[in-house]
Amino acid sequence: MTPRLIPVLLLLTSSLAPASLPAGRPALVPTPWQMMPGEGKFRIDPATVTICYRDDRLAFAATWLAGQLARTFDTEMKPVQVESTPDRNCIRFELATEGAVPPAEGYRLVVTPQRATILAGDTSGALYGAITLLQLGPSVAFRDFALCDSVPGHDPGEENRQGPRWHRVQYPVPEPIDGYSVPCVSIEDSPRFTWRGLLIDPARFYVSIEEMKRYVDIMLLHKLNTLQIHLTDGQGWRIEIKAFPALVTTGAIGVGNQPQNVRTYPLDGSKPKGCYYYTQLELKGLVAYAAARGVTVVPEIEMPGHTAALLRSCPELLCQGSDEIKPGNSICVGQERTYEVLTAILDEVMEVFPSRYIHLGTDECWRGNWEHCTHCRAKMLELGATDTLALHGYFVERVSEYLQAKGRKAAGWDEIFETGDKPGILGMFWRGHSPEAVRMVERAARQGQLLVMTPTTHCYLDYRQAQDLSNDPPGLGNSVVSLEKVYGFEPIPDYLVPELHRNVIGLQGNLWGEVLFSFPHMQYQTWPRACALAEVGWSNPEGRDYREFVGRLQGGHLDRLRAAGVTFREPGPEDAP
Ligand code: ACM
Ligand code: ZN
């Protein structure tokens, strides 16, 4: 066990510094919990440095780091598996033994003039140690970072090359270099929250599997670990379900009011034009790619509202008397056929996604058609229910019990708690701090339920980033979620008593797709606001300082994103601390 490091974070961040970096302070994002500067530098170059590891469990992280260094130096680099690690000229990955283990996803990085050592108890920790090591170097350490292994030459900006800058890949790939030095330092680091998520919404704005992998790469760069994919909604059904082919032959043909959404998929013509969906095999590939990078993919199969695409494909799930499928239609929850179809769908979903949680949506459910439907009314009578809200509660319990019986857990938006506590369900709070939401959060936490905070006010990345739209794309609605607002987010509500804090397991930024029109645009809406979210989710909240954070963005981190080939929004005068 190395000696405990003295936390220097507070010393470094407490003064009201200008938006530039204190001399010699590396611009790490998210900022680590403990960092102690050392003496001297360590040189990384392909001629002298070996990347080595002993335990098989560290092979991926070592190979991954070698891959990135190879891109920076434009040369071959391979890690070596060794019995005993050399003392000099090496980057060593070491598996932490019991007792010396930094907590889950944690790592210790010690850089001396002779070597860099990354000690971690799991793959995520090893990758995060490697990311921090890369961040200690120049921005070219992220040269062509995103997805180079999988899609050489892929240009996600092709379809919108002529558009405004948020539809374009903005930065040229930097020239490779021969080597670089990093400052000596000791860092001990682990996340504050276990759920550090982003949501994307291909039901509204379709993105290719390759683009999602690229998104995962940039999540890894920020130590984000959960990607929720909103796979189904009224506008489209995006996941192949073998038991119900119509879900993609009909349901995946998007209907929506998005004249700017000019995508045609796929380019090779193997599926009908306008039929945007992912095969199960493609999704399994994405899940594996993300898992290797410490990112869990959580599928969201929206029910019982937001189901017009499901109803277009399976009209027998309409309520009696609802012969017309309107965008807001909900499925009939009174008939048994609904549960047969949904459980068959969920069986296939669970086969593709090994995640502990399957997200059922459950939000914004219009219940009007239930009031007049014979099946729904009979179900209400059977349950002794006096209103259709109780029917929503019955539906949620029944489907989540099915998941539970299969060894999984349901997650849902905060509406899932509207009919009372749902043991074992994860709730995502999106409706901010309304009195109703506060009551639900308190009650759910007291019942021991786990919560992820994702309020519209701080976490909705589809909202505009600035009031003035003369140089920025509009977002959904008129609300502004600025960089400063996001950075100021505190996931633990101040009304929760300390013993309930541990029920809040994290936060998530939601990038809904209604007003997105290209993949660069998606990135532009994400970064750097999700850099702020990543820091809120990972770092020590004590001494958090927006001015200092902007200093790290402008003093190094945004250059990394440029080198990595990521489109992002440059903070403007309105973002000045
Ligand atoms: C939501 O924004 N309806 C979760
Ligand atoms: Zn019905």
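One-based numbering, in listed order, for ligands and for the atoms of each. Everything numeric in this text was worked out from a predicted model, so none of it was measured. These values consider heavy atoms only, across backbone and side chains, with no hydrogens, waters or symmetry-generated copies.
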*Asks:* Quick check: does Asp363 get an N/O under 3.5 Å from an N/O on ligand 1?
*Replies:*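 Between Asp363 and ligand 1 (N or O atoms, distance only) the closest approach is under 3.5 Å.
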
*Asks:* Looking at Tyr460, which atoms of ligand 1 are within less than 4.0 Å of one of its heavy atoms?
*Replies:*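 It comes down to these atoms of ligand 1: 1 (C), 2 (O), 4 (C).
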
*Asks:* Considering the heavy atoms of Glu364, write down every atom of ligand 1 situated less than 4.0 Å from one of them.
*Replies:* 3 (N)

*Asks:* Give the atoms of ligand 1, by number and element, whose distance to some non-hydrogen atom of Trp512 is under 4.0 Å.
*Replies:* 1 (C), 2 (O), 4 (C)

*Asks:* So, for Lys223 and Arg196, which heavy atoms are closest and what is the spacing to 0.1 Å?
*Replies:*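 Here Lys223 and Arg196 meet closest at O-NE, 2.8 Å.
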
*Asks:* Can Tyr487 and Arg529 be counted as having a side-chain donor-acceptor contact under 3.5 angstrom?
*Replies:* no

*Asks:* Are side-chain heavy atoms of Leu310 and Leu342 found at a separation under 4.5 Å?
*Replies:*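 Leu310 vs Leu342: side chains touch.
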
*Asks:* Rounded to 10°, how many degrees is the angle SG/Cys332-the Zn ion (ligand 2)-SG/Cys319?
*Replies:*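 An angle of 120° at the metal.
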
*Asks:* Just one of Arg464, Arg569, Gln465 clears the side-chain hydrogen bond (donor to acceptor under 3.5 Å, both in side chains) bar with Asp472, so which one?
*Replies:* Arg569

*Asks:* Side-chain donor-acceptor pair under 3.5 Å between Asn225 and Glu105, yes or no?
*Replies:* yes

*Asks:* Is the Zn ion (ligand 2) less than 2.8 Å from an N/O/S atom of Cys373, whether that atom is in the backbone or a side chain?
*Replies:*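 True for Cys373.
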
*Asks:* Grab the two heavy atoms, one from Met440 and one from Arg431, that are nearest each other, plus how far apart they are.
*Replies:* CE-NH2, 3.5 Å

*Asks:* Would you check whether Trp430 has a nitrogen or oxygen atom less than 3.5 angstrom from a nitrogen or oxygen atom of ligand 1?
*Replies:*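 Looking only at distances, the answer is no, because the N/O contact criterion of under 3.5 Å is not met.
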
